[in-house]
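Report on the following structure.
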2 protein chains.
Amino acid sequence: MADTKDRILDAAEALFADRGLFETSMRAITRAADVNLAAANYHFGSKEALIQAVFARRAEALNNRRLEALADSRARGALDLEAVLDAYIRPALEMARDEKAGRYIRLLGRVYTDPNSRAGQFLPRQYDATLEAFKPEFIRLLPQIDKTELYWRLHFLIGSLVYCMAGLDMMRLSSSCYLCDPADTEGMIRRLIAFVAGGLRAAASAVQPPIQPAVTG
Amino acid sequence: MADTKDRILDAAEALFADRGLFETSMRAITRAADVNLAAANYHFGSKEALIQAVFARRAEALNNRRLEALADSRARGALDLEAVLDAYIRPALEMARDEKAGRYIRLLGRVYTDPNSRAGQFLPRQYDATLEAFKPEFIRLLPQIDKTELYWRLHFLIGSLVYCMAGLDMMRLSSSCYLCDPADTEGMIRRLIAFVAGGLRAAASAVQPPIQPAVTG
DNA sequence: GTCTATAACTAGATAGAC
DNA sequence: GTCTATCTAGTTATAGAC
């Protein structure tokens with residue numbers, strides 16, 4: 001049996017992932033957690049603080065799993081591009097399969113594209129350092145790609161990943177995706193790695209400089 | 001001077017993009033539009049109906065620009081993978097530069113990862129047909145990629161694109177992206193096309209079948 | 001730590017005058 | 001079509017008994 005604080009965090013995490021931060025009331029959370037409304041405010045102080053607690057609880061675990069995966073691969077000496085991508089992508093998508101932590105991954109995928117959400121203010125702090133730790137590997141493995149280009153590509157990579165995290169429910173968005181099995185985590189991980197590896201390795205010359213070099217307003 | 005209905009749509013679109021659907025009250029919208037609260041309900045009936053009207057207003061324009069771009073390229077006979085991607089990606093990201101329609105693109109990018117938002121229910125209907133129109137071209141241009149693999153890759157493509165649409169504000173997510181200029185629309189379009197083209201073309205063999213073929217729960 | 005009760009406020013929607 | 005005023009129901013947060 002989880003104690004009150006954990007039950008509130010679990011219920012909040014699940015409801016936030018399903019309905020959104022703002023759409024979820026403290027009353028709905030405490031009802032789901034079978035806890036008194038006043039108790040939630042006693043433990044967390046405010047809804048805002050509860051939101052932060054929900055995110056803080058899992059961020060460190062995800063960061064650690066990514067950094068450990070990178071260190072493990074490095075220890076085995078086999079640090080090619082696919083291995084680096086695996087270390088970054090796999091922890092997130094495997095966590096998505098976990099019944100409880102999976103709700104956090106879905107939630108994270110949702111608020112990631114939400115710059116004005118309150119989450120947009122602390123998420124960078126929670127995940128920036130880990131991305132920075134991966135960056136030297138990308139630079140080393142893709143010396144032919146200039147840095148501006150590379151950073152754009154990392155941006156695109158994160159977009160694909162976040163979209164997968166946000167929910168495989170979204171696959172309905174295209175009716176034709178009936179062939180894709182959202183439950184096939186391993187297939188999704190491998191396919192995503194192959195896709196972004198291909199994108200990262202694409203010839204830099206494929207991008208011509210803008211037609212109007214610098215004078216554009 | 002726009003009439004009342006358009007002023008309400010404009011204000012709603014802007015506020016929805018900045019704060020989210022649920023976070024924006026009818027009062028905030030009518031205040032921004034300098035319109036009476038009751039007038040908004042008179043014209044649209046409910047907040048829900050107003051939300052639908054905001055999305056419906058621009059969806060057709062975006063679809064048409066994509067389909068016209070595809071037809072134009074086809075008419076010029078130069079229909080390679082990059083041209084197809086350009087026809088799909090450019091209309092969205094160029095629209096993002098427009099002062100008014102740009103707010104819709106940001107809004108669209110945000111709600112796209114929000115399957116439980118009310119928007120998640122009508123967005124598929126609004127954009128599915130257009131994606132279907134592009135799909136035969138991808139199949140034709142990438143015959144070596146099997147369909148399941150290809151549909152996954154289209155999913156990843158949409159993820160990258162949506163992330164770009166959602167906001168270049170997000171680039172702050174990684175401090176190192178100071179090199180990327182979010183205002184460089186043309187550069188972003190070309191780089192995104194190069195990236196996803198590389199991903200779509202990646203060797204299919206890069207994805208091995210899952211370790212446990214079919215028996216996994 | 002947990003509860004009841006409630007304060008203080010905001011939401012969407014509408015009735016009815018003009 | 002546009003307004004004021006208001007209804008009903010929901011929200012966060014807290015005071016104070018236990």
Side-chain angles (χ1 to χ4, degrees), chain A residues 1-57 103 107 110-111 114 116-123, chain B residues 1-57 103 107 110-111 114 116-123:
Chain A
M1 259 303 187
D3 71 337
T4 302
K5 221 169 159 172
D6 281 329
R7 286 219 312 282
I8 295 171
L9 284 170
D10 286 342
E13 187 176 63
L15 287 168
F16 288 158
D18 279 350
R19 305 180 191 175
L21 301 179
F22 202 88
E23 294 90 329
T24 302
S25 68
M26 292 293 281
R27 285 183 153 81
I29 294 167
T30 52
R31 207 180 309 128
D34 197 24
V35 161
N36 189 274
L37 171 64
N41 278 305
Y42 168 80
H43 283 290
F44 294 98
S46 70
K47 181 180 177 179
E48 182 63 33
L50 171 58
I51 291 173
Q52 297 219 25
V54 165
F55 280 90
R57 179 168 65 148
R103 296 184 188 120
L107 172 58
R110 289 182 50 155
V111 299
D114 199 340
N116 305 97
S117 148
R118 293 138 218 72
Q121 287 151 27
F122 51 84
L123 280 183
Chain B
M1 255 306 187
D3 72 335
T4 302
K5 223 168 157 175
D6 280 329
R7 286 220 311 281
I8 295 170
L9 285 170
D10 286 342
E13 186 176 65
L15 286 168
F16 288 158
D18 278 351
R19 306 181 191 173
L21 302 179
F22 203 89
E23 293 90 331
T24 301
S25 68
M26 291 294 282
R27 286 182 157 81
I29 293 167
T30 52
R31 207 181 308 127
D34 198 24
V35 160
N36 190 275
L37 171 64
N41 278 306
Y42 168 80
H43 282 290
F44 294 97
S46 70
K47 181 180 178 180
E48 181 64 32
L50 171 58
I51 291 174
Q52 297 219 26
V54 166
F55 280 90
R57 181 169 66 148
R103 295 183 190 121
L107 172 57
R110 289 182 49 155
V111 299
D114 199 339
N116 306 96
S117 149
R118 291 138 218 75
Q121 287 149 30
F122 51 83
L123 280 182

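Here is how names work: the chains are called A, B, and so on, in the same order as the sequence lines, proteins then strands, and each is numbered from 1.
Atom NZ of K47(A) is separated from atom C1' of dG10(D) by 12 Å (rounded to the nearest Å). Distance, L15(B) CG to dA11(C) P: 12 Å, rounded to whole Å. The CZ atom of F22(A) sits 8 Å away from the P atom of dA11(C) (whole-angstrom rounding). Between the CG atom of L37(A) and the P atom of dA7(C) there is a distance of 16 Å, rounded to whole Å. For M26(A) and dA13(D), the CE to C1' distance is 9 Å, given to the nearest whole Å. dG1(D) atom C1' lies 6 Å from atom NE2 of H43(B), rounded to whole Å. Rounded to an integer number of Å, the gap from CZ of R27(B) to P of dA5(D) is 13 Å. Atom CZ in R31(B) sits roughly 11 Å away from atom P in dG12(C) (whole-Å rounding).
A donor-acceptor pair is defined here as one N or O able to donate and one able to accept, closer than 3.5 Å; such a pair exists between the side chain of R7(A) and the backbone of A33(A). No donor-acceptor distance shorter than 3.5 angstrom exists from the side chain of K47(B) to the backbone of N41(B), with no hydrogens or angles considered.
The environment of CZ in R19(A) is sparse: at most 12 heavy-atom neighbours from other residues, nucleotides or ligands sit within 6.0 Å.
A distance of 8.5 Å separates CZ of F22(B) from OG1 of T24(A), quoted to the nearest 0.5 Å.
If you find the closest nucleotide of DNA chain D to T24(A) and to V35(B), the one lying nearer the 5' end belongs to V35(B). Between G45(A) and D34(B), the residue anchored nearer the 5' end of DNA chain D, judged by the nucleotide with its closest heavy atom, is D34(B).
Of the charged side-chain nitrogens involved, none lies within less than 4.0 Å of a carboxylate oxygen, so that D10(B) and K5(B) do not count as a salt-bridged pair.
Put simply, T4(A) has a side-chain N or O that comes within less than 4.0 Å of OP1 or OP2 on dT2(C). At dT14(D), none of the side-chain N or O atoms of N41(A) fall inside 4.0 Å of OP1 or OP2 (strictly under the cut-off). A sub-4.0 Å separation between OP1 or OP2 of dT10(C) and a side-chain N or O of S25(B) is absent.
Side-chain proximity of S46(B) to the nucleotides dT2(C), dG1(D), dA13(C) is greatest for dA13(C). Checking dT2(D), dT2(C), dA13(D) against the side-chain heavy atoms of Y42(B) singles out dT2(D) as nearest. Proximity note for N36(A) (side chain, C-beta onward) versus dA11(C), dC3(C), dG1(D): the nearest is dC3(C). In the set dA13(C), dA13(D), dA15(D), the nucleotide with an atom closest to the side chain of A38(A) is dA15(D).
Among the atoms of the strands shown, none is found under 4.0 Å from any heavy atom of A39(B).
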